[in-house]
2 protein chains.
Amino acid sequence: MSATIPRDETVHEAPSARQQAVLDAVLGLLVEEGDQLTMDAVARRASCSKETLYKWFGDRDGLLTATVRWQASRVHAGRDAAGALDAAALRDRLLDFAVTWLDVIAGRTSVVLNRIAIAHAGSRKGNLGAIVLANGRLAIGGRVKPVLEAGRTAGLLAFEDSETAFRTFFGLVGRDVQIRLLLGDALDLDAAEIRRDAARAVDQFLALYGQARP
Amino acid sequence: MSATIPRDETVHEAPSARQQAVLDAVLGLLVEEGDQLTMDAVARRASCSKETLYKWFGDRDGLLTATVRWQASRVHAGRDAAGALDAAALRDRLLDFAVTWLDVIAGRTSVVLNRIAIAHAGSRKGNLGAIVLANGRLAIGGRVKPVLEAGRTAGLLAFEDSETAFRTFFGLVGRDVQIRLLLGDALDLDAAEIRRDAARAVDQFLALYGQARP
DNA sequence: CCAGTACCGTACCGTACGGTACGCGGCGGC
DNA sequence: GCCGCCGCGTACCGTACGGTACGGTACTGG
């Protein structure tokens, strides 16, 4: 009677090492082959059976969701050391955010994952889009806004609504980069160009919102 | 011997009225049903046979391409009256661009078409992405840059590279709107909010690049 | 009135792909 | 040693959908 309880092994929390390997296979496939990812291809690439895939991830969407989460979990790594904030420190922090953000959205992986999520958002049950949004735009917003507010407290910045200020920052940094990459424009940014663009964006942002300490 | 030359009737130029109706059916379907557009559904909606669809548009991609072109052709309608440029006129022109652009990208149709094009760009033969890019981001750039340059000539703006200046303008106007909509965020902007956002973007742009006439 | 054309409706074909079933090998516990 | 279990490989099923074929109808030119 203790006959093997089905027990939902679907991945909801941290994936095991083997599962991570599968997810990496998905990412690799996605990056190399564009989308049109098939379960067969994943199984072959990850050297596992489709049955296992379905046991672990439920269905194709589950696999995609787990992949997006997995990728998100490795991007988040980043310290938010909040120290004393003078003008130089503020600028550094913003510059760091800008460079990191541009690095992320310019990466093949981010582009492909965003494409998947966008396509998914177009066909109902759009949790993928929400997940990407939460780990991308909203996550960076959640981390930048405290810095902006600290800057305001320190008398370095002037704005009423930190959300609005952040969105301006976001626009100045991202500009047309993301949409162009998503639509397949070549536009390869090297590290130097990213740094230059990020610096200009930060300077512009400070020109708009900065104020000399009274 | 004059046996009905096959004669490629594929739509390359302006579609006939009936063809336009078909393309409008595609747009309607796209907007209402999200993507997962099937040829069957199009034929049913447009009250035409699949055979005709294939005769006119070649294949599914051809239909999509024609749809994107068709939509683009109706958006372009807009006068670029270039008159004398004082500060107020410059501001008006930029504001007009900003409002128009936000209106477009916030529209259901634009969102859906961009989703299609982005998905398409992910799976090789990405002409759709290129077409959307050419009629969206690049088209607006081509129209704004002359205005910026006229502003510079008139001593109202200061910048070195009009492309860079335009990209800043683009970022200030669009901010996170497009990516959020593409990823399925609700975010419905009413006309008033669009106007307000556009005005702020223009003001910020002028704050960065404007200069009092010497 | 006839021939030709255009196009609608529908039935049909082929295939790709999501999802399932089954047999086999390796590895733990008794 | 033998027995579950886990997971690999593979064969298989069902279906959705892109694309084609064909019969029927309306219109046009001669």
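The sequence lines fix the lettering, A, B, ..., with proteins before strands; numbering per chain opens at 1. Computed from a prediction, not measured in an experiment: that's the story for all the values here.
- The residue among A:Ala43 and B:Thr38 whose nearest nucleotide of DNA chain D is located toward the 5' end is A:Ala43.
- Close to C:dC7, at under 4.0 Å from its OP1 or OP2, lies a side-chain N or O of B:Trp56.
- Using the six-membered ring where Trp is involved, B:Trp101 and B:Phe170 have ring planes that are tilted, between 30° and 60° apart.
- Atoms CZ (A:Arg44) and C1' (C:dC17) sit 12 Å apart, rounded to a whole Å.
- Atom-to-atom, CZ of B:Arg60 to C1' of D:dG19 comes out at 12 Å; the value is rounded to the nearest Å.
- A heavy atom closer than 4.0 Å to some atom of DNA chain C occurs in no member of residues 111-119 of chain A.
- Atom-to-atom, CD of A:Gln19 to P of D:dC8 comes out at 11 Å; the value is rounded to the nearest Å.
- Taking atom NZ on B:Lys55 and atom P on D:dG18, their separation rounds to 21 Å, with Å as the unit.
- Taking OG1 of A:Thr52 as the reference point, atom CZ of A:Phe57 lies at 10.0 Å (rounded to 0.5 Å).
- At the phosphate of D:dC8, neither OP1 nor OP2 sits under 4.0 Å from any side-chain N or O atom of A:Arg45.
- Here A:Leu63 lies out of heavy-atom contact (under 4.0 Å) with every strand.
- Looking at B:Leu208 and B:Gln204, their side chains never come closer than 4.5 Å, going by heavy atoms from C-beta outward.
- Note: OH (A:Tyr54) to C1' (C:dG19) measures 5 Å, nearest angstrom.
- Inter-residue side-chain proximity for A:Phe169 and A:Leu206 is flagged as unmet; no heavy-atom pair is nearer than 4.5 Å.
- Side-chain proximity of A:Met39 to the nucleotides C:dG18, D:dC8, C:dC7 is greatest for C:dG18.
- A donor-acceptor pair shorter than 3.5 Å can be found between the side chains of A:Glu149 and A:Ser162.
- Put simply, CG on B:Leu37 is 11 Å from C1' on D:dC17, counting in whole angstrom units.
- Taking atom CD on B:Gln36 and atom P on D:dA16, their separation rounds to 13 Å, with Å as the unit.
- A:Arg69 places no side-chain N or O within donor-acceptor distance of the main-chain N or O of A:Leu64, the cut-off being under 3.5 Å.
- In this structure, the separation between CZ on A:Arg200 and CG on A:Leu95 is 12.5 Å, given to the nearest 0.5 Å.
- Side chain of A:Thr52, nearest nucleotide from D:dC8, C:dG19, C:dC7: D:dC8.
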Are there any protein N/O atoms within less than 3.5 Å of an N/O atom in nucleotides 26-29 of chain C, and if so, which ones and at what distance?
none

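- Within the 4.5 Å cutoff, the side chain of A:Val42 has no heavy atoms near those of the A:Thr38 side chain.
- A:Arg137 places a side-chain heavy atom less than 4.5 Å from the side chain of A:Phe166.
- When side chains are defined from C-beta on, B:Ile131 does not count as touching B:His120, because their heavy atoms never get closer than 4.5 Å.
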Could you go through nucleotides 22-24 of chain C and list every protein N or O atom that sits under 3.5 Å from one of its N or O atoms, giving the distance for each pair?
unit_1 : atom_1 : unit_2  : atom_2 : d
C:dC22 : N4     : A:Glu51 : OE1    : 2.3

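- Between the side chains of B:Thr65 and B:Asp61, no donor-acceptor pair of N or O atoms lies under 3.5 Å.
- Proximity of a side-chain donor or acceptor of B:Arg60 to a complementary backbone N or O of B:Met39 within less than 3.5 Å is not detected.
- Remark on DNA chain C: of its neighbouring residues A:Lys50 and B:Cys48, the 5'-side contact belongs to B:Cys48, judged by nearest-heavy-atom nucleotide.
- Rounded to an integer number of Å, the gap from CG of B:Leu29 to P of D:dC17 is 12 Å.
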